[in-house]
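Submitted below is the structure of interest, expressed as structure tokens.
Source: prediction; values computed, not measured. Within every chain, numbering begins at 1; the chains are lettered A, B, ... in the order of the sequence lines, protein sequences first and strands thereafter.
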Amino acid sequence: MEISTKYDPSQIEQKWYEHWLKNKFFSSKPDNREPFTIVIPPPNVTGVLHMGHMLNNTIQDILIRRARMQGKNACWVPGTDHASIATEAKVVNMLKEKGISKKDITREEFLHHAFAWKDKYGGIILEQLKKLGASCDWDRTRFTMEEDLSAAVIDSFIHLYKKGWIYRGVRMVNWDPIGKTALSDEEVIFKESQSKMIYVKYKLKDSEDALVVATVRPETIPGDVAICVNPNDERYKHFIGKTVIVPLVNREVKVIADEYVDMEFGTGTLKITPAHDIADYEIGMRHNLPIIDTIADDGTMSEAVGITKYIGKDRFWVRREAIKDLEEQGLLVKIEEYKNQVGTSERTGAVIEPKLSMQWWLKMSEIAKPAYENVMNDTIRFFPEKFKNMYRSWMENPRDWCISRQLWWGQQIPAFYLPNGEVIVAKDKKEALLIANKGLTNVDGFILAAERGNIPYSDIPALYTENDLTQDEDVLDTWFSSWLWPISVFDGFKDPNNADIQYYYPTNVLVTGFDIIFFWVARMIMAGYEFKGKLPFKDVYFTGLIRDKLGRKMSKSLGNSPDALRLIDLYSADGVRFGVLYNSPAGNDVLFDTGVPKSQKQEDIDAFIQDPDSHNSKLCEQGRNFTNKIWNVFRLLKTFEVSDSVELPNTALVIDWFEANFNQALSEIEDHFEKYRLSEALQAVTKLFWDDFCDWYLEIIKPVYGKPINKIVYEKSVEFLDRLLRVLHPFMPFITEEVWQNIAPRQENESICVAEYPKVNTFDKTILQEAELAFEMVKRLREARNSRKIQQKVRIDMIIKAISKTIADVYIKWMPIIEKLANVEFKGSVKDLSESNADSVKIVLQNGSEASLSIFIPEGLKDEERKKAKEDLEYYKGFKESVTKKLSNEKFVANAKAEVIENERKKLADAEAKIKALEEIIQQ
RNA sequence: GGAGUUUUAGCUCAGCUGGUUCAGAGCAUCUGCCUUACAAGCAGAGGGUCGGGGGUUCGAAUCCCUCAAACUCCACCA
């Protein structure tokens, strides 16, 4: 049957993925092999595959597939994250479209909708990962909000509360008025913003005098409770203790003094609004000032603002309105343009409102210590290392983590309140009730059931019923569940000594974007040491961010993120894996072009594919082309007619060369893997396959058309291909499987994904050097042919003149190969140029390392060749001079290493030989 | 404001211990080829004062200083 010249991945990729699943190649159970474990950074359950995931998961898949082939027990645990704030926002929107408002339904009803929605749309991303070829153990798929993982979160909360590291308190928090929840400091992104600095007059009571105060937030004026100046500021000393009138609301407040105020900034006066600014809050505390909270949870002005027309209006509307009102009242002095940093919510993009509220916190000082030390001392290694700096700066002074969120989608905080306000932390209401009725309290106001002592429960008079207990309404930050991920996916909380956790933990490597180094990586390390007493992973591979051509981060709002699945459709999963990895060293950002066309029209797709500016699509295209190349190698070998009656050809030497070359390349590739230089590993594999195997090896062994191939050569070639496919398999799993399956007879349940990964053998370096000489000569001959426009098919005669006998012997040994590749006929060697035909042409090997070589082709010397030879002569003369100078420098000879000096001597000899040869050519 | 990273060919990047694997790769460009596996291919070629300046050294893309530009993280002054 005719095999197509083009590789068509559309059916093939799916076919093999099903084969892998059917045979359970990806499933892992503890056994006596060495484990190799990766836990996936769980994507949002409602997310869809984007470029970041592709890069990230391609890398994980490469590492896990390679380990699996190396005979390790490879286990890649997949799963999803409930992503409380993002998912809740999506569910709220979905309900809104149905005409349901969150505030009109109960928590239970909401969760019911949310779970239904999650069941319907959740996990799409995992299906998409399968398209990419991800070899996860799907039977192990976990979800951060499933029962066992939620229980783990509750357990860890109780554990930390018991230790006194979790506390509850009223503090200034970052309030997200769209998500209507508190956020941790890490979830706040500061963005530069063009603001207006408003200079406002605060009149002194019973005086014509006034203080001018600068603010960017005039809408908070109604919350002012003082004006503050620096006690050392001569300008304002006499105002301290006086009373001023707050504009708009005409409240009387005092002028106070605090060193915090920067005399140089603005007018040197600061209005104090403790409810809406962190610094103001602290000053307020120091001076016992009242707090007037004028902004409601949704970012509108509350009743407390005291101005009817402001109540219920958005803070930004009020800001503009307040400026107008101030102007009308003659209190506006001036307005200046001003650039400042405004905090926004990482998830909703809302401008953060500093707000005072009761939240739960995790004290970081203790838990961070081992996490800090073990990264600094390389117990946990970071790749690339530069991220240690970033980690250090954050971990040296970690701030307490606000872990409560005013949401419903997440683990509800296991804190229960008695009617008297007492708090009981317990895993559920039943246990809380037990504790409550025991009537015992420890210093923290609670005691765990396990510590109740020996009194039978029935003997204790019931003080409370379940109805007396109210559970805290808040849920926990999503990261408070994902930080347990490497432990909880193996049920390390539910059953701390189970076989899985013992076997798979700690995991080998974590692959993630550096943007979540604090959110997730740092906290997983803390959790690992706290809950398992051990690191969660040995290595961390940080990927860069994927950016568009303009260097912008890819985001939905910019619309610059290509549709990952369209890319796969266009270039195949193998092609995209290649493209996304080929130029993406660890931790460096990857520039990826955007414009995958939305249109399905063929001409639009063609236009896109052919767009020369489309850089990374270009790389995907290269990847796709590579699959096609591999496909055609397969076709070539299939067309060979194999015969054991054909003699071993005189080019069979190339088999030894490729054997050595393969091992040398493989050892380089191993080294790249060792250091997580995956991009370079892929480049090396590509070179080995494409350049070395296809362009040199196969061209040499390829029999003349219509002639059969020697059996030994054929079998050796198939074996080489087999090995190459294995090395390439982790990078491009589908095409390698397809060819591997067809190149030799295979059993029904066989697969390259569990075939043995080649090991590095010792290799003959001499043959590599010889080949280099021979191949160099082939290139020179081709160049000569090109420059004098001799057609490929014209066979030309040549004679050689080598300077040294050893070199000449090498050429003669490799001559059958040279003859075949350059389409020349060797007519023997000469000792002296004068023996040669007068019409001969000499071409000097320029990079021919050890010796010069003249090649004679019975065609006339071209003028430009003579010109070039003259240029080269000049270059080598200069070169010789510099080397001579170096060698006559006493300091050099005294200081440089022996081999360096030896090398210089060699260079000198080389240069002299070349000069001689070039001079001969030019004279001709 | 504090810290870090980057700057090498038109583009994206290698260059790991100062010295011929030291100026490299891929893409793009140019020139030949539809050579019976592959035009999604093959064979060649031309592109670079290694951001500027100074220093250390026999020797610097590589080490030090300095300036310039870009990026990132942390902190944040109304």
Counting heavy atoms from C-beta on, name the nucleotide in B:C58, B:C74, B:C77 closest to the side chain of A:Lys891.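 Per side-chain heavy atoms of A:Lys891, the pick is B:C58.
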So which one's nearest nucleotide on RNA chain B is more toward 5', A:Thr269 or A:Lys779?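 Of the two residues, A:Lys779 wins.
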Evaluate A:Ser184 against A:Glu187 for side-chain hydrogen bond (donor to acceptor under 3.5 Å, both in side chains), listing each step before the verdict. CA-CA 5 Å; A:Ser184 67; A:Glu187 285 165 292; 2.9 Å; yes
What distance, rounded to whole Å, do you find between the two C1' atoms, one in B:G24 and one in B:A61?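 One C1' to the other, the span is 12 Å.
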Atom-pair distance (CD on A:Glu187; P on B:C73), nearest Å: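 It works out to 16 Å between those atoms.
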What's the gap between B:A23 and B:A60 when it is taken at their P atoms, as a whole Å value?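 Comparing P positions in B:A23 and B:A60 gives a spacing of 13 Å.
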Nearest-Å distance for atom pair CG/P, residues A:Leu619 and B:A25: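 These atoms are roughly 17 Å apart.
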Between B:C74, B:C16, B:C42, which one does the side chain of A:Trp690 approach most closely?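 Closest of the options to the side chain of A:Trp690: B:C42.
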Atom-to-atom span, CH2 of A:Trp631 to C1' of B:G41 - whole angstrom: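 Those two atoms, CH2 and C1', are 17 Å apart.
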Round to a whole Å and report the spacing from CD of A:Glu772 to C1' of B:U21.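 In whole Å, B:U21 C1' lies 8 Å from A:Glu772 CD.
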Residue A:Glu337 excluded, over 12 heavy atoms near CD under 6.0 Å: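 Correct, the count exceeds 12.
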Between A:Asp671 and A:Glu668, who's closer to the 5' end of RNA chain B by nearest nucleotide?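 By nearest-heavy-atom nucleotide position, the 5'-most residue is A:Asp671.
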Could you run through RNA chain B and flag its stems, i.e. three or more consecutive Watson-Crick or G-U pairs with both distances under 3.5 Å?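 Stems for RNA chain B, defined as runs of 3 or more consecutive pairs: B:1-7 with B:68-74, B:10-13 with B:24-27, B:29-33 with B:41-45, B:51-55 with B:63-67.
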N/O (side chain, A:Arg624) to phosphate O (OP1/OP2, B:A40) under 4.0 Å: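 So the side chain of A:Arg624 is outside the cut-off, no N or O lying under 4.0 Å from OP1 or OP2 of B:A40.
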Mind calculating the distance between CD (A:Glu264) and C1' (B:A78) to the nearest angstrom?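 Answer to the nearest Å: 14 Å.
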Side chain A:Glu680 and base B:C16 donor-acceptor under 3.5 Å: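 Checked by distance alone, the answer is yes.
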Please work out if A:Arg392 contacts a base, only the sugar-phosphate, or nothing of the nucleic acid, heavy-atom cut-off 4.0 Å.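 Result for A:Arg392 = nothing.
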What nucleic acid atoms does A:Gln683 come within less than 4.0 Å of, heavy atoms only: base, sugar-phosphate, or nothing?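 Nothing, no nucleic acid heavy atom in range.
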Check: A:Gln792 main-chain N/O paired with A:Asn823 side-chain donor or acceptor under 3.5 Å: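 Flag set: sc A:Asn823 to bb A:Gln792 pair under 3.5 Å.
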Contacts of A:Asp185 that satisfy salt bridge (charged side-chain N to carboxylate O under 4.0 Å, His left out) - sequence neighbours left out: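 So A:Asp185 forms a salt bridge (charged side-chain N to carboxylate O under 4.0 Å, His left out) with A:Arg399.
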Starting at CZ of A:Arg319 and ending at C1' of B:A78, how long is that distance when rounded to a whole Å?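 In whole Å, B:A78 C1' and A:Arg319 CZ are 12 Å from each other.
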Cut-off 3.5 Å, side chains only: do A:Ser195 and A:Asn340 have a donor facing an acceptor?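 Side chains of A:Ser195 and A:Asn340: pair found under 3.5 Å.
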For atom C1', what is the distance between B:G15 and B:C74, given to the nearest Å?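 Comparing C1' positions in B:G15 and B:C74 gives a spacing of 32 Å.
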Please check if the side chain of A:Asn628 supplies one atom and the backbone of A:Arg624 the other of a donor-acceptor pair under 3.5 Å.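 Pair absent, no side-chain N/O of A:Asn628 close to backbone of A:Arg624.
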NA contact type, A:Tyr338, heavy-atom cut-off 4.0 Å: base, sugar-phosphate, or nothing?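 Here A:Tyr338 touches the backbone only, sparing every base.
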Can you tell me, in whole Å, how much space there is between the C1' of B:G48 and that of B:C65?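 Result for the C1' pair: 26 Å, nearest Å.
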Is A:Lys687 reaching over with its side chain to a backbone N or O of A:Ala665, donor-acceptor style, under 3.5 angstrom?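 No: the side chain of A:Lys687 does not pair with the backbone of A:Ala665.
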Would you indicate what A:Phe190 reaches in the nucleic acid, counting non-hydrogen atoms under 4.0 angstrom: base, sugar-phosphate, or nothing?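 Contact class for A:Phe190: base.
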With the side chain of A:Met390 defined as its heavy atoms from C-beta on, choose the nearest nucleotide among B:C74, B:C73, B:C27.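 So the nucleotide nearest the side chain must be B:C73.
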Which value, in whole Å, describes the distance between the P atoms of nucleotides B:G10 and B:C16?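 Approximately 22 Å lies between the P atom of B:G10 and that of B:C16.
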Expressed in whole Å, how much space separates the P atoms belonging to B:A28 and B:A43?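 Comparing P positions in B:A28 and B:A43 gives a spacing of 15 Å.
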Would B:G47 be called syn or anti here, given the cut-off of 90° from 0?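 What B:G47 shows is a syn base, its glycosidic angle lying within 90° of 0.
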So, the side chain of A:Thr215 versus the backbone of A:Arg217: is there a donor-acceptor pair under 3.5 Å, distance only?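 Checked: pair present.
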Could I get a table of every N or O pair under 3.5 Å where one atom is in the protein and the other is in nucleotides 30-39 of chain B?
unit_1	atom_1	unit_2	atom_2	d
B:U36	O2	A:Tyr705	OH	2.6
B:U36	N3	A:Tyr705	OH	3.1
B:A37	O2'	A:Asn632	OD1	2.6
B:A37	O2'	A:Arg635	NH1	2.5
B:A37	N6	A:Glu699	OE2	2.9
B:A37	N3	A:Asn632	O	3.1
B:C38	O4'	A:Asn632	OD1	2.9
B:C38	O4'	A:Asn632	ND2	3.4
B:C38	O2'	A:Asn628	ND2	3.4
B:C38	O2'	A:Asn632	ND2	3.4
B:C38	O2	A:Lys629	NZ	2.8
B:C38	N3	A:Lys629	NZ	2.8

I need the CG-C1' distance between A:Asp258 and B:C77, as an integer number of Å.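 After rounding, the reported distance stands at 14 Å.
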Quick check: does any side chain N or O of A:Asp574 sit under 3.5 Å from a backbone N or O of A:Ile735, one acting as donor and the other as acceptor?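 Judged by distance alone, yes, a pair lies under 3.5 Å.
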Which nucleotide in the set B:A78, B:A43, B:C16 lies at the smallest distance from any side-chain heavy atom of A:Arg677?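 Closest nucleotide among those given: B:C16.
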Separation of the P atoms in B:G18 and B:C64, to the nearest angstrom: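 Straight-line distance between the two P atoms is 11 Å.
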Quick check: does any side chain N or O of A:Gln622 sit under 3.5 Å from a backbone N or O of A:Gly579, one acting as donor and the other as acceptor?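 Here the side-chain-to-backbone pair does not exist.
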Mind checking the P distance from B:G44 to B:C27? Whole angstroms is fine.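 It comes out at 14 Å once rounded to the nearest Å.
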Mind telling me whether B:U29 is syn or anti, cutoff 90° either side of 0?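 B:U29: anti glycosidic orientation.
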Return the value, rounded to whole Å, for the distance between atom CD of A:Glu396 and atom P of B:G4.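 Taking CD of A:Glu396 and P of B:G4, I get 12 Å after rounding.
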Taking the ring of A:Phe387 and the ring of A:Phe542, is the distance between their centroids below 6.0 Å?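 Yes; A:Phe387 has its ring centre under 6.0 Å from that of A:Phe542.
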Test applied, ring-ring contact (aromatic ring centres under 6.0 Å, His included); reference residue, A:Tyr7; option that passes from A:Phe626, A:Trp631, A:Tyr571: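 Output: one option passes, namely A:Trp631.
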Given B:A78, B:C58, B:G26, identify the nucleotide with an atom nearest to the side chain of A:Gln622.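 Within the option list, the nearest is B:G26.
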